[in-house]
There are 2 protein chains.
Amino acid sequence: MERVVTEKDITIKDVAKHANVSVATVSRVLNGLDRVSESTRKRVLKVIDELNFVPNTMAASMVKKKTNMLSVVVPEIQNPFYTAVIGGTVEVAKKAGFFTLVVSTNGDEAEEAEFFESFLSKNVDGIILIGTHKEAEFYRTIRKPTVLVDRYINNSGLDGVMIDNYRGAYEATRHFLEYGHERIAIIDGAHDFNDGKDRYWGYQQAMVEFGVTPDPKYHKQGSWLEESGYRSTVELMQSEYPPTAIFAANNLICQGAIKAFRDLKLDIGEDISLIGFDENELAQFVQPRVTVVRRPTHEMGTQAAEMLIQKIKENDADQSNPKKVVLDVELMKRGSVKKLN
Amino acid sequence: MERVVTEKDITIKDVAKHANVSVATVSRVLNGLDRVSESTRKRVLKVIDELNFVPNTMAASMVKKKTNMLSVVVPEIQNPFYTAVIGGTVEVAKKAGFFTLVVSTNGDEAEEAEFFESFLSKNVDGIILIGTHKEAEFYRTIRKPTVLVDRYINNSGLDGVMIDNYRGAYEATRHFLEYGHERIAIIDGAHDFNDGKDRYWGYQQAMVEFGVTPDPKYHKQGSWLEESGYRSTVELMQSEYPPTAIFAANNLICQGAIKAFRDLKLDIGEDISLIGFDENELAQFVQPRVTVVRRPTHEMGTQAAEMLIQKIKENDADQSNPKKVVLDVELMKRGSVKKLN
DNA sequence: TTGAAAGCGATACCAG
DNA sequence: CTGGTATCGCTTTCAA
């Protein structure tokens, strides 16, 4: 039977002993920075291999105070928008030598708070956060380089990468108006964060500018989930004066609306006009395809990661003058809006 | 201007000093386990608060050799199957007091290997792994409690939670056969892992049992991605003798097939019969809905987490007798298979 | 080029 | 109930 080596307990000390050098020397060859004679380096390397030695990263990090890890914290991992952002950050982080890991908070403040208490949050070098907490207070207690994505919290003191929600909603609504619609409904969720508020505001402003008074019965506010979008759509379409156009304020709501239209046997672009906010699977599947406000999801992630890494490298703990980047959105016109006259 | 406290450098020592106690005592109140007089406990707590002291989890973990963190490593975070598994493990882990974080390897062996080199992998208490590496060798080097999910690697020496891929594919194919189909195609990807192989095998066995010789031209092997499913479907349907039924061997391929049928203007359940493996968004959207082999995704995650936590608690490093759990699949019959006579 | 020793910031055992 | 101190495993001056 082969010899079973218990690698568990092998430390730098053992290596030093077996190689007849000091731990300092072993550490040197381990980190490759200092000058070590070629002969001893080889000897140490050999012992490391023989002993199957794996350095304890924790001990190292404890003195270096650096782990080369980033974490990205999102409300839900099922939403393609978030995974797109994650993809962007991972890509940039990787190039810069950082390992990225993902934490999903389920949109639960307690879970988010838990993360910030955890071993992990204390030991990553930086955090990219799509926050769930609403009060700036929470964010001000964060003691780590952090950049906010998508949802920005005023007075949080943190950097952020956002999009122009206002303009996106405004353009969508204006598109409806220009095509002759007036009974334009908006389906959204709670106005907990700036994004939701801004989208509603953009919708409203466009209406007002075109001299159409937003009718409260055309504002269906539920949750930001698909099911809610479905229900709101059904209610809207079964009401006495159904709208001719619906603006679905996020990807999930839009999917819910599309499913509702399927069940109600309403033809999109014919019986009802629709614009969604953010790309989504069904919008690209149905025919005609659904017009959406597209945002640079991937780029939001890359931007955020770049800002974060910059901050880490500069060892920038300065929260006094947060940088905000606002990326542009684009109305992808497809066939879901009917021209009225 | 307010006083700016540099919490960074406050350690248990400072607290001890300010509270006129030993570090041992501070550690005690920190961990709450040992008996400390109510008065000193209060005093220490007060100082902790005043100084805004945050214990260094790394130092603690270094001696405790425990972080209460689990990590789940998946090939891609965009695939709903994986997020469902993740959801299951997080749920169980949380109840057991473990924090879970997610790592996506992009199905890249190098990235997966990188994870196992990283600070993180060294410092979580356990790992749930949907592996990308193909050789058992790689898995045998893992020095952490680990449970494999979905893809099982023989001789890896690791525990695993899988499903009965063979039976799923077998049932699907048999369903086609019982409905009178004979020109049954299968679209799959590389047979890198047991799951793909088993599904193909199940398909084949069913055919043979019904006396139908599997025709190689009805086996389209591409990648496991949607685009490949789309292309294979188009090729199949535009060939001289198109199949009457298609078995799409995973969720993405099935979505690709559905999109292809849309573009080819073929009615599912009428012009072409379809069964997918694993639930997916489009299968539930189109009408009639698509019959699929459903697997207990969430449960795979919970099962794996339970096994892992058990292992951790037992401090079980024994790899000599890996446990394998095989969960059952179910054919969800919907309207996508036409009865032929 | 190499080694000795002082940390890094907690925990936990042993006394008292 | 409380304190002293060795220890966890590695990095990093400071000397040699």
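Letters go in sequence order (proteins before strands), and every chain restarts at 1. Source: prediction; values computed, not measured. These values consider heavy atoms only, across backbone and side chains, with no hydrogens, waters or symmetry-generated copies.
A distance-only check finds no donor-acceptor pair linking the side chain of A/Asn106 to the backbone of A/Asp108 [under 3.5 Å].
Each of B/Leu308, B/Thr146, B/Leu148 was checked for a side chain to side chain contact (heavy atoms under 4.5 Å, CB included) with B/Ile128, and the lone residue meeting it is B/Leu308.
Taking CD of B/Gln78 as the reference point, atom OG1 of B/Thr83 lies at 10.0 Å (rounded to 0.5 Å).
No side-chain donor-acceptor contact under 3.5 Å links A/Thr11 and A/Asn56. No side-chain donor from either of A/Glu50 and A/His18 sits under 3.5 Å from a side-chain acceptor of the other.
Below 30°, between 30° and 60°, or above 60°: for B/Phe119 and A/Phe119 the angle between ring planes is below 30°, a parallel geometry. The aromatic rings of B/Phe116 and B/Phe138 sit perpendicular, their planes meeting at an angle over 60°, well past the 30° parallel limit.
One axis for each end of the helix from C/dT1-D/dA16 to C/dG16-D/dC1, each built from five base pairs, and the angle between them comes to 40° at 10° resolution.
If you find the closest nucleotide of DNA chain D to B/Glu38 and to B/Met62, the one lying nearer the 5' end belongs to B/Glu38.
When the side-chain nitrogen and oxygen atoms of A/Ser37 are compared with OP1 and OP2 of C/dT2, one or more of them lie within a distance under 4.0 Å.
What separates NZ of B/Lys17 from C1' of D/dT2 is a distance of 18 Å, to the nearest Å. As rounded to whole Å, 17 Å separates atom C1' of D/dT7 from atom CE of B/Met58. Counting to the nearest Å, the P atom of C/dA12 and the NZ atom of B/Lys65 are 11 Å from each other. The nearest whole Å value for the distance from the CD1 atom in A/Ile48 to the P atom in D/dG9 is 16 Å. The NZ-C1' distance, from B/Lys66 to D/dC8, rounds to 17 Å in whole Å.
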Stepwise side-chain contact (heavy atoms from CB on, under 4.5 Å) test for A/Lys323 and A/Val147: CA-CA 9 Å; A/Lys323 300 173 212 32; A/Val147 2; over 6 Å; no
Heavy-atom protein contacts under 4.0 Å, nucleotides 10-16 of chain D, coded B base, S sugar-phosphate only, - none: BBBB---
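In this structure, A/Glu111 pairs ionically with B/Lys94, as a charged nitrogen and a carboxylate oxygen lie closer than 4.0 Å.
No contact: B/Asp14 has no heavy atom under 4.0 Å from any strand.
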